[in-house]
Amino acid sequence: MKPLPAHNFWVDAVALRGAATLIVLPRVVAFGVVAGLIVVADIVTPAHINLGIEPTPIGVAGTILGLLLVLRVNTGYDRWWEARKLWGGIINQSRNLAIAAIAFGPGDPRWRDGMARAVAAFAHATRASLRDEPMAPEAIELLGADDAGRVGDAAHAPSAVALILAERLRDGRDRLGMDPFGFLRADRERALLLDHCGGCDRIKRSPLTRAMTILIRRFIVLYLITLPFALLHSFGRSWLVPAATMLVAYPVLALDQVAFEIQNPFRPQSLDRLYLDEFCRTIERDVFALLALGRPPGADGLDGAPRAPSLEFDIDTL
């Protein structure tokens, strides 16, 4: 799925796709029903008994809850933004590795094609690993049956693809005469590629603390259940109490849901997931474009014209 296009203010204000509204709406209605029952209870009680309470403590609690929600949303957004930067690094390092292999590697077409395929397969394997999905079919097609079988049997598919990349670089150096400087440069890019993948694994495997989630959600329930009693003090026995409760409940519950959605940006069901499929297609397209653009070392110059002969002098003849 492609990212949502940019819209104007009013379109975004009523949009349902990409919003938490449909997810939190049943909870909002539930708190409205609870508020309605509190109003009914206040109506049926004797006149000298008033269920309303002073709203000041509820206002203080609302301020504290707001600060906790902001903290949780900011923490989740930091995780989302870091994941986006790490995938930006994967895209850039894939290009760098492809450039280093093409520019400094041997001119063997089969070796170059294998390197390009393995670089593109790394992104697909990383995407599938972060989503807890089986081996990506794109990676199987790129790697071939034998290497795809090795990756499929591995505990961590991206590491297995990185091993294949390292083996092909070693083969280029040992068998095909790859420039030692080029080998070191390409292997450095390969290592950085795996570092970015490790950063994504850290985000995936270290969600927001369970204790903090329980605390905030208990606070939300207590606040929204006691809020109608404070509203009774302000509105009296009015059916505005359930409406006002739902009006307050919606942003509170929506913020909590947004914080949950962005804490794991790799989950396909997340509202604000990263578009990993698009990233992988971008890497695959760019790597193969570089492969088509690069020329193996030979007699041709960069512009396609024959390279001028080098002028070598013997100092003794001068």
Side-chain angles (χ1 to χ4, degrees), residues 86-131 133-201 276-277 279-300 302:
L86 287 169
W87 263 92
I90 291 175
I91 294 173
N92 290 334
Q93 294 305 139
S94 297
R95 293 168 178 160
N96 289 338
L97 177 54
I99 290 173
I102 293 170
F104 304 125
D108 182 79
R110 184 175 179 181
W111 184 88
R112 288 178 169 229
D113 182 71
M115 279 295 300
R117 288 177 174 273
V119 171
F122 180 88
H124 292 293
T126 302
R127 180 198 70 206
S129 175
L130 293 173
R131 291 178 172 177
E133 295 175 346
M135 182 67 174
E138 297 91 345
I140 296 175
E141 181 180 356
L142 288 165
L143 292 173
D146 294 339
D147 286 337
R150 293 174 59 193
V151 174
D153 294 336
H156 187 245
S159 295
V161 179
L163 176 61
I164 292 173
L165 284 166
E167 292 173 347
R168 292 184 178 177
L169 287 172
R170 184 188 62 191
D171 179 64
R173 183 198 62 184
D174 296 345
R175 186 175 63 88
L176 300 173
M178 182 178 184
D179 177 67
F181 168 79
F183 170 80
L184 293 175
R185 176 63 184 271
D187 193 62
R188 176 179 176 274
E189 303 296 345
R190 179 201 58 80
L192 290 174
L193 200 61
L194 195 57
D195 287 345
H196 290 302
C197 176
C200 293
D201 284 333
L276 304 186
D277 300 274
F279 298 161
C280 291
R281 282 192 286 268
T282 297
I283 292 171
E284 187 173 343
R285 180 197 65 209
D286 292 350
V287 166
F288 281 102
L290 290 168
L291 180 65
L293 184 64
R295 293 186 177 90
D300 290 344
L302 294 178

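- Partners of A116 according to the side-chain contact (heavy atoms from CB on, under 4.5 Å) rule, which considers only residues two or more places apart in sequence or in another chain, are V287, F288, L291.
- Minimum interatomic distance between A136 and R127 (heavy atoms only, all atoms of both residues): CB-NH2, 3.3 Å.
- R112 places a side-chain N or O within donor-acceptor distance of the main-chain N or O of P106, the cut-off being under 3.5 Å.
- Closest non-hydrogen pair, C200 versus L86, comes out as N-CD1, 3.5 Å.
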*asked:* Apply side chain to side chain contact (heavy atoms under 4.5 Å, CB included) to residues R168 and L165 and explain how you reach the verdict.
replied: CA-CA 5 Å; R168 292 184 178 177; L165 284 166; 5.8 Å; no
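- The CZ atom of F122 lies 4.0 Å from the CG atom of L193; values are rounded to the nearest 0.5 Å.
- The neighbour count for D146 CG, taken as heavy atoms of other residues, nucleotides or ligands under 6.0 Å away, does not exceed 12.
- Crowding of E141 atom CD: a count of heavy atoms from other residues, nucleotides or ligands under 6.0 Å not exceeding 12.
- Atom SG of C280 and atom CH2 of W87 lie 4.0 Å apart (nearest 0.5 Å).
- Smallest separation of non-hydrogen atoms from P134 and A128: O-CB, 3.5 Å.
- For R185, the CZ atom is loosely surrounded, since the number of other residues' heavy atoms within 6.0 Å does not exceed 12.
- Separating the CG atom in D201 from the OG atom in S159 is a distance of 8.0 Å, to the nearest 0.5 Å.
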*asked:* Working note: R173 + L184, criterion side chain to side chain contact (heavy atoms under 4.5 Å, CB included); need CA distance, chi angles, decisive distance, verdict.
replied: CA-CA 10 Å; R173 183 198 62 184; L184 293 175; over 6 Å; no
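- Once rounded to the nearest 0.5 Å, the distance linking CG of D277 with CZ of R281 reads 5.5 Å.
- A 4.5 Å side-chain heavy-atom check between H196 and T126 finds every atom pair outside the cut-off.
- Under the 4.5 Å side-chain criterion, counting only non-hydrogen atoms from C-beta, M115 is in contact with L169.
- Using a 4.0 Å cut-off between charged side-chain N and carboxylate O, R190 and D187 make a salt bridge.
- Between R95 and T282 there is a side-chain heavy-atom pair separated by less than 4.5 Å.
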*Would you check, one step at a time, whether the test salt bridge (Lys or Arg N to Asp or Glu O under 4.0 Å) holds for D147 with R150?*
CA-CA 5 Å; D147 286 337; R150 293 174 59 193; 3.7 Å; yes
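- The shortest distance between side-chain heavy atoms of L142 and E284 falls below 4.5 Å.
- The CG atom of L293 lies 11.5 Å from the CG atom of D286; values are rounded to the nearest 0.5 Å.
- A distance of 12.5 Å separates CG in L97 from CD1 in I90, rounded to the nearest 0.5 Å.
- The shortest non-hydrogen separation linking A98 to L290 is CB-CD1, 4.1 Å.
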